[in-house]
Colleague: 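Dumping the structure here so I can ask a few things about it.
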Amino acid sequence: MIAKSDTASQTPCSAGHKAILNAAVKLFSERGFDAVSVRELATIAGVSKANIYHHFGSKRGVYIAVLRDTLNQTSMLLDTFWAGNESFKCRLAQFAQQHLQHILNNELSIRLLLREGLKDPQSNGKELAEEVVGQNFHRLTHLIRSGQESGELRQELDPAICAILLVGSHFFFFQSHNVVRHFPEGGFANKPDEYGREVLDILLNGMSSSDKADLS
């Protein structure tokens, strides 16, 4: 369970705080939460066990802080979107490209996030949504809805589904590109920027050669 009290004692980032996060993302992503002890975490981080409890309250607090640290970088990309002056579609393309690159550049923390999402989904999904990923997804959905309100995106589409398709394509690329690149047709797996641009083009313009496909 992801308890709110686990993160209540976090303090502003310091050298020790960052060292703990760096050690935690490596250990947790490689071996999982249960297999890592606080003593081992402290040894790898070069701090005392008391220091870990001071910053994070518990081992679970460290775990959630690592997940949130990864999502904080996505939050900053969303901030950049709203601060830009370019057209909606230009800013969306920039966000999509940077989000995909962020995922590829942070392999350990992304694997940890995916591990958490797949583990015991019946009991863990609600906590993960509320404590870690929900706010960013709400912001991304709002981003899509703003494009609908400005007339640049189709208003009848569910913005949450659009958001899932966009970020889902990035996570799938992260998980599969090392296999897909060996397919005869999989050359795009070696070109993440090209992949990201084409996926966004498909999302914005569709696959049909007509203005609107007949799905009946």
Side-chain angles (χ1 to χ4, degrees), residues 2 4 7-8 10-14 17-18 21-22 25 61 63-114 116-117 125-175 177 188 191-207 212:
I2 301 174
K4 293 183 180 180
T7 57
Q10 290 183 32
T11 58
C13 191
S14 64
H17 185 283
K18 190 62 177 176
L21 290 179
N22 288 341
V25 71
Y63 193 57
I64 298 306
V66 170
L67 296 176
R68 285 179 169 170
D69 189 57
T70 300
L71 273 295
N72 283 341
Q73 296 178 57
T74 300
S75 183
M76 288 189 286
L77 296 180
L78 290 166
D79 291 340
T80 300
F81 173 90
W82 291 110
N85 296 318
E86 298 89 349
S87 70
F88 173 87
K89 290 183 179 179
C90 180
R91 286 180 290 143
L92 182 62
Q94 291 171 354
F95 167 80
Q97 180 182 19
Q98 292 166 355
H99 182 261
L100 177 57
Q101 198 58 56
H102 159 64
I103 288 176
L104 296 174
N105 289 344
N106 292 274
E107 180 177 352
L108 292 180
S109 56
I110 295 301
R111 290 198 183 282
L112 180 58
L113 181 63
L114 292 172
E116 180 69 19
K126 184 174 185 293
E127 289 81 9
L128 185 62
E130 291 178 348
E131 299 293 327
V132 181
V133 301
Q135 182 60 30
N136 272 359
F137 187 72
H138 171 74
R139 293 186 66 195
L140 182 57
T141 301
H142 176 63
L143 183 158
I144 299 296
R145 188 176 292 113
S146 73
Q148 294 174 312
E149 292 170 350
S150 68
E152 298 191 68
L153 299 179
R154 288 166 49 195
Q155 295 185 12
E156 73 273 17
L157 298 177
D158 185 331
I161 293 177
C162 295
I164 283 287
L165 287 172
L166 178 59
V167 298
S169 71
H170 295 169
F171 282 111
F172 181 77
F173 184 88
F174 170 81
Q175 291 178 294
H177 70 281
F188 63 86
K191 306 171 184 177
D193 288 347
E194 181 178 308
Y195 167 86
R197 283 193 299 271
E198 187 146 347
V199 165
L200 187 60
D201 183 28
I202 293 170
L203 288 175
L204 291 175
N205 301 309
M207 295 175 62
K212 191 171 183 180

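The chain is numbered in sequence order, starting from 1. Predicted model, so just to flag it, every value in this text is computed and none were measured.
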Colleague: Under a 4.5 Å cut-off applied to non-hydrogen side-chain atoms, are Gln73 and Asn136 in contact?
Modeller: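 Side-chain contact under 4.5 Å: no.
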Colleague: Using atom types as modelled, flag every donor-acceptor pair under 3.5 Å from a side chain in residues 92-100 to any protein atom, sequence neighbours excluded.
Modeller:
unit_1	atom_1	unit_2	atom_2	d
His99	ND1	His170	ND1	2.8

Colleague: Test your reading of the model: is there a side-chain donor-acceptor pair from Ser75 to the backbone of Leu71, 3.5 Å cut-off?
Modeller: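 Absent.
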Colleague: Do Glu198 and Ile202 have side-chain heavy atoms sitting under 4.5 Å apart?
Modeller: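 A side-chain contact exists here, since the closest heavy-atom pair is under 4.5 Å.
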Colleague: Check step by step if side-chain contact (heavy atoms from CB on, under 4.5 Å) holds for Gln101 and Leu77.
Modeller: CA-CA 11 Å; Gln101 198 58 56; Leu77 296 180; over 6 Å; no
Colleague: Any side-chain heavy atom of Val133 sitting closer than 4.5 Å to one from Leu113?
Modeller: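 Yes, their side chains come closer than 4.5 Å.
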Colleague: Once you round to the nearest 0.5 Å, how far does CD1 of Ile64 lie from CG of Asp69?
Modeller: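 Answer for the CD1-CG pair, Ile64 versus Asp69, is 12.5 Å.
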Colleague: Do side-chain atoms of His138 reach the backbone of Gly134 as a donor and acceptor pair under 3.5 angstrom?
Modeller: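 Judged by distance alone, no pair lies under 3.5 Å.
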Colleague: Testing the basics here: between Thr70 and Ser109, what is the closest heavy-atom pair and its distance to 0.1 Å?
Modeller: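 Shortest heavy-atom contact: OG1-CB, 2.9 Å.
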Colleague: How long is the gap from CZ on Phe137 to OG1 on Thr74, to the nearest 0.5 Å?
Modeller: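 Going from the CZ atom of Phe137 to the OG1 atom of Thr74 covers 13.0 Å.
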Colleague: How long is the straight-line distance from CD1 of Ile161 back to OG1 of Thr141, given to the nearest 0.5 Å?
Modeller: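 Those atoms lie 10.5 Å apart.
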Colleague: Provide the closest heavy-atom pair for Leu143 versus Trp82 in the form atom of the first, atom of the second, distance.
Modeller: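 Smallest interatomic distance, heavy atoms only, reads CA-CZ2, 3.7 Å.
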Colleague: Quick check: do Leu200 and Lys89 have side-chain heavy atoms less than 4.5 Å from each other?
Modeller: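 Counting from C-beta outward, Leu200 and Lys89 never come under 4.5 Å.
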Colleague: Mind listing the closest non-hydrogen atom pair of Phe88 and Ser146 along with its distance?
Modeller: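 Taking Phe88 first and Ser146 second, the nearest heavy atoms are CE1-OG, 3.7 Å.
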Colleague: What distance separates Asn22 CG from Lys18 NZ, expressed to the nearest 0.5 Å?
Modeller: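 Atom-to-atom, Asn22:CG and Lys18:NZ are 5.5 Å apart.
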Colleague: For Tyr195 and Ser169, which heavy atoms make the closest approach, and how far apart are they?
Modeller: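 Where Tyr195 meets Ser169 most closely, the heavy atoms are OH-O, 2.8 Å.
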Colleague: With a 4.5 Å limit on heavy-atom distance, are the side chains of Glu152 and Leu204 in contact?
Modeller: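 Answer no - side chains too far apart.
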Colleague: Locate the shortest heavy-atom distance separating Ile144 from Cys162; write the atom from each residue and the value.
Modeller: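 Scanning both residues, the minimum pair turns out to be CG2-CB, 3.9 Å.
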Colleague: Between Arg111 and Glu107, does at least one N-O distance fall below 4.0 Å, as a salt bridge requires?
Modeller: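 Yes.
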Colleague: Are Gln135 and Leu78 close enough that some pair of their side-chain heavy atoms sits under 4.5 Å apart?
Modeller: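 Gln135 does not reach Leu78 side chain to side chain.
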Colleague: Hey, are the side chains of Leu104 and Pro192 touching, using non-hydrogen atoms and a 4.5 Å cut-off?
Modeller: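 Of all side-chain heavy-atom pairs linking Pro192 with Leu104, at least one is under 4.5 Å.
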Colleague: Give me the atom names and distance for the closest heavy-atom approach of Asn85 to Arg91.
Modeller: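 Asn85 and Arg91 have their closest heavy atoms at N-CD, 4.4 Å.
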Colleague: Quick one: do His17 and Leu21 satisfy side-chain contact (heavy atoms from CB on, under 4.5 Å)? Show the steps, please.
Modeller: CA-CA 6 Å; His17 185 283; Leu21 290 179; 3.6 Å; yes
Colleague: First locate atom CD1 of Ile164, then atom CZ of Phe171, and finally report the distance between them rounded to the nearest 0.5 Å.
Modeller: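 So the gap between those two atoms works out to 9.5 Å.
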